[in-house]
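First the structure, in the form of structure tokens, and then the observations on it.
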Amino acid sequence: MPAPFSVMGIVNVTPDSFSDGGEWFDTAAAVRHGVELAAAGATILDVGGESTRPGAPAVPEDEELRRVVPVVAGLAAAVPEAVLSVDTTKAAVALAALGAGATYVNDVSALRADPGMLGVVVTGGARCCLMHMQGDPRTMQARARYEDVVDDVRAFLEERIAVAVAAGVPLERIDVDPGIGFAKTQDHNLELLRRLDEIVAIGPRVVIGTSRKSFLGRLTGRDDPRQRLAGTIATNVLALASGARVFRVHDVGAVHDALAVAAHVVDGGSGSAGASVARHG
């Protein structure tokens, strides 16, 4: 029986991502890295050409296209069994990536930043992930204010789902992400993880992205993002127990194995090594 989770491996084609910026900036290196992540257990590969860390500068559209599209095309040829995701807020980048073999659009703005993005998702027949964020990566941490962070995030995601469905995106092709670390304080992040079942109750598959993030460093005293694997595993296992089903991570092998073991407890033995997902993710 297939495991009840999917691991989304991060393929950052950027010089400035917070934990691995520059490591996979070369196209060939990025493709090799994606192949390695798939071999380690990732069934989704998320290719991004613009850092979304707090304060990150914007990347021009032509540069983001140059970074992302050759990597998507290379991975489509090298690991055809993998679901390829493009991590972008730009409609032109998403359109080009879908043409190169991607079938999933992971948009941290929940399809709001570019007026053309919703149409690209609809006409491209893509699966999409709608993430909660206030502002943009350059301004978001100054906007981390909520009456009740879980209620506010849930209401936002419900509204964005309604917009996407009304535009023609089938509900079964929509995932949601509460946006851990995006316009959130440490307390906000912990409250979202503590009450994640309330986000799961919305209905669509929930994506969690805690990998190597700074709040884990503050909780553990680990300044080096690469030393935050244990914290990443802990948050992902807790999220699995609360009903999350997609886990966006840097360290695919270790997280995959932890989730495979946890799934045997959480789902009464239905977990197995590996996860089976449809071609759209």
Out of Leu196, Val200, Leu193, Val207, which residue meets the side chain to side chain contact (heavy atoms under 4.5 Å, CB included) rule with Pro178?
->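 Passing option: Leu196.
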Apply ring-ring contact (aromatic ring centres under 6.0 Å, His included) to His188 and list each qualifying residue two or more places apart in sequence or on a separate chain.
->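 For His188 the ring-ring contact (aromatic ring centres under 6.0 Å, His included) partners, ignoring immediate neighbours, are Tyr146.
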Could you tell me whether the side chain of [X] and the main chain of [Y] form a donor-acceptor pair under 3.5 Å?
X: Arg160; Y: Leu130; value: no
X: Asp148; Y: Asp151; value: yes
X: Lys213; Y: Ser211; value: no
X: Arg154; Y: Glu198; value: yes
X: Asp26; Y: Ala28; value: yes
X: Arg245; Y: Leu240; value: yes
X: Arg173; Y: Tyr104; value: no
X: Asp175; Y: Cys128; value: no

Taking all atoms of both residues into account, what is the closest heavy-atom pair of [X] and [Y], and its distance?
X: Leu45; Y: Ala82; result: CD1-CB, 4.1 Å
X: Leu98; Y: Gly124; result: CD1-CA, 4.2 Å
X: Leu75; Y: Gly34; result: CD2-CA, 3.8 Å
X: Pro204; Y: Ile161; result: CG-CD1, 3.7 Å
X: Val122; Y: Ala167; result: CG2-O, 3.6 Å
X: Gly181; Y: Asn189; result: N-OD1, 2.9 Å

Kindly indicate, with the supporting measurements, whether the criterion side-chain contact (heavy atoms from CB on, under 4.5 Å) is fulfilled by Arg205 and Val246.
-> CA-CA 7 Å; Arg205 197 170 60 164; Val246 182; 3.3 Å; yes
Given the rule in the side-chain contact (heavy atoms from CB on, under 4.5 Å) test, do Thr235 and Leu216 qualify, once you have shown the distances and angles that lead to the verdict?
-> CA-CA 9 Å; Thr235 51; Leu216 299 177; 3.8 Å; yes
From [X] atom [atom1] to [Y] atom [atom2], the distance as rounded to the nearest 0.5 Å:
X: Arg218; Y: Gln186; atom1: CZ; atom2: CD; result: 5.5 Å
X: Asp223; Y: Arg228; atom1: CG; atom2: CZ; result: 7.0 Å
X: Thr185; Y: Glu191; atom1: OG1; atom2: CD; result: 10.0 Å

Do the side chains of [X] and [Y] join up, straight or via other hydrophobic residues, at under 4.5 Å, putting them in one cluster?
X: Leu238; Y: Ile199; answer: no
X: Val165; Y: Leu111; answer: yes
X: Val255; Y: Val35; answer: yes

Glu61: partners by salt bridge (charged side-chain N to carboxylate O under 4.0 Å, His left out), with sequence neighbours left out |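 Listed in chain order: nothing, the list is empty.
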For Glu159, which residues count as a salt bridge (charged side-chain N to carboxylate O under 4.0 Å, His left out) partner, sequence neighbours excluded?
->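 Once residues adjacent in sequence are excluded, Glu159 has no partner under the salt bridge (charged side-chain N to carboxylate O under 4.0 Å, His left out) criterion.
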Would you call Glu36-Arg32 a salt bridge at under 4.0 Å N-O?
->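 The answer is no: the pair does not qualify as a salt bridge.
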His132 vs Gln134, side-chain contact (heavy atoms from CB on, under 4.5 Å): CA-CA, chis, key distance, verdict | CA-CA 7 Å; His132 176 273; Gln134 299 201 86; 3.9 Å; yes
Between Phe247 and His256, is the ring centre distance below 6.0 Å?
->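 Here the rings of His256 and Phe247 have centres that are no less than 6.0 Å from each other.
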Side chain to side chain donor-acceptor pair (under 3.5 Å): which pairs involve residues 83-101, sequence neighbours left out?
->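 Every pair satisfying side chain to side chain donor-acceptor pair (under 3.5 Å) with a residue in residues 83-101: Asp46-Ser85, Glu50-Lys90, Glu64-Thr88, Glu64-Lys90, Asp87-Arg248.
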Take Phe182 and Asp177 through the test side-chain contact (heavy atoms from CB on, under 4.5 Å) and record every step on the way to the result.
-> CA-CA 10 Å; Phe182 286 81; Asp177 182 340; over 6 Å; no
Pairs in or reaching into residues 91-116: which pass salt bridge (Lys or Arg N to Asp or Glu O under 4.0 Å), with residues at least two apart or in two chains?
->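 For residues 91-116, and leaving out neighbouring residues, there are no salt bridge (Lys or Arg N to Asp or Glu O under 4.0 Å) pairs at all.
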ring-ring contact (aromatic ring centres under 6.0 Å, His included): which pairs involve residues 64-93, sequence neighbours left out?
->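 Passing the test, one end in residues 64-93: no pairs.
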